[in-house]
There are 2 protein chains.
Amino acid sequence: MSWKDNSLHLPSLRSAPSLPRAGVKQKGLSVGVVIPLEDKSPETGIAGLVALVTPDMERVNAMILSRTGSDVTMIPEVANHLISSGGKRLRPMLTLATAALCGYKGEGHIKLAAAVEFMHTATLLHDDVVDQSDMRRGKLAARMLWGNEASVLVGDFLLGQAFKMMVEVGSLSCLDILSTAAAIIAEGEVMQLTAAKDTATTEDAYLAVIRSKTAALFAAASEVGPLLAGRSREYAEACRSYGTNLGVAFQLIDDALDYGGTAAKLGKNVGDDFREGKITLPVVLSFRRGSETERDFWRRTLEKGEIAEGDLAHALATMRKHRALDDTVERARHYGAMARDALEIFPASPWKQALLDVVDFCISRAH
Amino acid sequence: MSWKDNSLHLPSLRSAPSLPRAGVKQKGLSVGVVIPLEDKSPETGIAGLVALVTPDMERVNAMILSRTGSDVTMIPEVANHLISSGGKRLRPMLTLATAALCGYKGEGHIKLAAAVEFMHTATLLHDDVVDQSDMRRGKLAARMLWGNEASVLVGDFLLGQAFKMMVEVGSLSCLDILSTAAAIIAEGEVMQLTAAKDTATTEDAYLAVIRSKTAALFAAASEVGPLLAGRSREYAEACRSYGTNLGVAFQLIDDALDYGGTAAKLGKNVGDDFREGKITLPVVLSFRRGSETERDFWRRTLEKGEIAEGDLAHALATMRKHRALDDTVERARHYGAMARDALEIFPASPWKQALLDVVDFCISRAH
């Protein structure tokens, strides 16, 4: 669920035409099919959105700062350790942008955007405890500095503050969307816990997990914009669909990046999911497309956690052989295309263009 | 924050007149002052309320059951392990009773009562992780059966479901009260974490913690009743004050019970707080009233956690010497009296009587 900082140094942004899925059926091929891609500057991807939201985002940042305040000094310490650690604040940007896209002229989007970021931060704090992670966004995880206790409780505090801000905005439909998302996110995390280390997980089951744990907040963050603006169901659904599909694409790219993306080289931060035994789409595809010997390899390393020297390199080679990373990116492109099409009912505007470019940005991270 | 099951077998219910606080200044006295108490059947205390709320409570229980449902089977398993483990559901009863006291005729109190119980259950699940507790309500804690991960995430799920139910009721003022309580509870827990193991904690500082971590939910549970019923601020404040003071009294009695109450004998479940190094009011009073040698004892056992054979018995003897348990109960009586007076603006009714009796019930648990 993390936005991996190391993934943000992008060589180029490309979008792919449809291609014969040669690698899927030709098991045993050890070379990946090179996908022809357009060249496009990566910065265009998110710079447009960042420029447009900057005035509002400064107010969101001020709101975030004021709402982490507490006489209990550990609360702002723990909260700000994570909040100020260089997350890109993509989720609150979606709330600001979809509100603007829909012509919203009020003030509620600032608090809702801050609430969305708090929900996300609370999830990260709790995730680190659940995954026993040592690092987050290139820094020590809060739990390593203040303990699991503080991470659990400060997460709860931020969730409470998020709901307070939503209540202050006073839109019951937005409250409905965001509180439902909170329950669904937790449900997705439990689902992942249950499915954890099961190499036989199907692609569908995996998609159900990431729809809940990642895409639900992208969807809610995007849907409250049109709801605030009082737009009809049609436009709210369009923004929701945009958010859902962007969220799925985002998570799939994150999964590919954990193995170094399509330009996979062994390097720092590559293989965290592998070492933690996480079953993500690259593994799901490699397992299904692999030989029985290869399946035994995945069972030994991911289910049993018996990882020896050279196993990560072997995992990467096996993924390459089965085009697992290329096809994970390919799948992400599919959801990215759905996200873009969802917005097509809106007339052309700088906001619409910025939201469309974000899709390309998310996918381009993998190269 | 737990309602300790072993504390519910009550020998008798008594309420005490004011007494000279002999024990406070006469340090070195090794006998406690026996407080004369009225005799009253303990069951009267809560039986009246239980009888009145039973029809509504059955609907709350059905709501709770339906809202813990999920296709992710671990969620109902973990949630129901705790929910069906014999908690007395005092907090949702407060919501039902204050709504009825204020003449509410609608349906919203059912969902709000269920939401209050979910908030409480989520807190217990997270508390067990924070305190690394093995047991809860005489059963293995959920975290011992399903792991810390599940306890954190199912707690988050229940919080999300609680907010969903509140949103469905649609009262922004109730949402405001309950979401504020959620943030305050977490703040109180962090405060406790910060103050943990500090024997120099003052009574005021300790009260600030329990006002947040325990009384805030009692207050919110009691305030939403009059708000639902559309009663004026005066009545909402009265119910809130009732809840706050009942909550403080309840927690103080819980603290005394952890050392066996005023009839302190070494027995099962006595001394959990001592072994965990928790600073509660009996310790605060004993530390302040004690000699330097005694203070060294508290520092060694509670701050450093160096507990030897016989230390719990010595702690109990020291508490008895300084009347620390009697005076903790005495303090609880003070808050109980405030809770009762808060309700006095309401005309006589069976609901009012039942709520008044609950105060006596809570305090009588200590004998």
Side-chain angles (χ1 to χ4, degrees), chain A residues 67 70-75 78 119 122-123 125-127 129-132 146-168 170-196 208 212, chain B residues 67 70-75 78 119 122-123 125-127 129-132 146-168 170-196 208 212:
Chain A
R67 295 307 177 101
S70 166
D71 293 340
V72 185
T73 50
M74 193 192 269
I75 290 178
V78 175
M119 285 175 66
T123 309
L125 283 167
H126 288 184
D127 272 2
V129 173
V130 167
D131 295 342
Q132 302 181 44
W146 290 275
N148 280 340
E149 305 90 328
S151 290
V152 170
L153 297 175
V154 174
D156 290 350
F157 175 78
L158 293 177
L159 264 184
Q161 291 291 65
F163 279 103
K164 273 187 69 147
M165 286 189 277
M166 294 173 212
V167 172
E168 285 166 19
S171 158
L172 279 169
S173 57
C174 292
L175 270 159
D176 178 26
I177 295 303
L178 288 165
S179 60
T180 301
I184 289 176
I185 292 165
E187 204 171 19
E189 303 267 359
V190 179
M191 216 189 295
Q192 187 174 42
L193 205 62
T194 314
S212 297
Chain B
R67 295 308 177 101
S70 166
D71 293 339
V72 185
T73 50
M74 194 193 266
I75 290 178
V78 175
M119 285 175 67
T123 308
L125 283 168
H126 288 184
D127 272 3
V129 173
V130 167
D131 296 343
Q132 302 181 41
W146 290 275
N148 280 339
E149 305 91 328
S151 289
V152 170
L153 297 175
V154 174
D156 290 350
F157 174 79
L158 292 177
L159 264 184
Q161 291 292 62
F163 280 102
K164 272 187 69 144
M165 285 189 278
M166 294 172 212
V167 172
E168 285 166 17
S171 158
L172 279 169
S173 58
C174 293
L175 269 159
D176 178 26
I177 296 303
L178 288 165
S179 60
T180 301
I184 289 176
I185 293 165
E187 203 170 20
E189 304 266 359
V190 180
M191 216 189 293
Q192 188 175 42
L193 202 64
T194 313
S212 296

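Any value given below was found using the heavy atoms of this structure, including those in side chains, with hydrogens, waters and symmetry copies removed. Residue numbering restarts at 1 for every chain, and letters A, B, ... go by the order of the sequence lines.
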Exercise. Measure Asn148(A) against the heavy atoms of chain B and call it side chain, backbone, both or neither at under 4.5 Å.
Key: neither
Quiz item: With chain B, which of Ser179(A), Gly170(A), Ser70(A) has the greatest number of heavy-atom pairs at distances under 4.5 Å?
Solution: Ser179(A)
Quiz item: If you tally heavy-atom pairs under 4.5 Å against chain A, which of Val152(B), Val154(B), Val129(B), Leu178(B) wins?
Solution: Val152(B)
Practice problem: Nearest 0.5 Å please: distance from the OG1 atom of Thr123(A) over to the CG atom of Leu153(B). | Solution: 9.5 Å
Practice problem: Decide yes or no for Asp156(A) and Glu189(B): does some side-chain heavy atom of the first lie under 4.5 Å from some side-chain heavy atom of the second? | Solution: no
Practice problem: Give, as side chain, backbone, both or neither, the part of Leu172(A) having an atom under 4.5 angstrom from any heavy atom of chain B. | Solution: both
Practice problem: Pick whichever of Ala162(A), Ala183(A), Ala186(A) has the most heavy-atom pairs under 4.5 Å with chain B. | Solution: Ala183(A)
Quiz prompt | Exercise: identify the closest heavy-atom pair between Gly160(A) and Ala182(B) | solution = CA-CB, 4.2 Å
Practice problem: For residues Gln192(A) and Glu149(B), determine if any side-chain heavy atom of one lies less than 4.5 Å from a side-chain heavy atom of the other. | Solution: no
Quiz item: What is the distance from atom CD1 of Ile177(B) to atom NZ of Lys164(A), rounded to the nearest 0.5 Å?
Solution: 9.5 Å
Self-check item: Top contributor to chain A interface from Thr194(B), Leu193(B), Thr73(B) [non-hydrogen pairs under 4.5 Å]
Solution: Leu193(B)
Quiz item: To the nearest 0.5 Å, what is the distance between CE (Met166(B)) and CG (Asp176(A))?
Solution: 13.5 Å
Quiz item: What part of Ile184(B) is in contact with chain A, defined as an atom under 4.5 angstrom from a non-hydrogen atom: side chain, backbone, both or neither?
Solution: neither
Practice problem: To the nearest 0.5 angstrom, please state how far the CE atom of Met191(A) sits from the CG atom of Asp71(B). | Solution: 8.0 Å
Exercise. Determine the interplanar angle of the Phe163(B) and Phe163(A) rings, folded into 0 to 90°, and report it as parallel if under 30°, tilted if 30 to 60°, perpendicular if over 60°.
Key: parallel
Quiz prompt | Segment of Leu158(A) engaging chain B (4.5 angstrom heavy-atom cut-off) | solution = neither
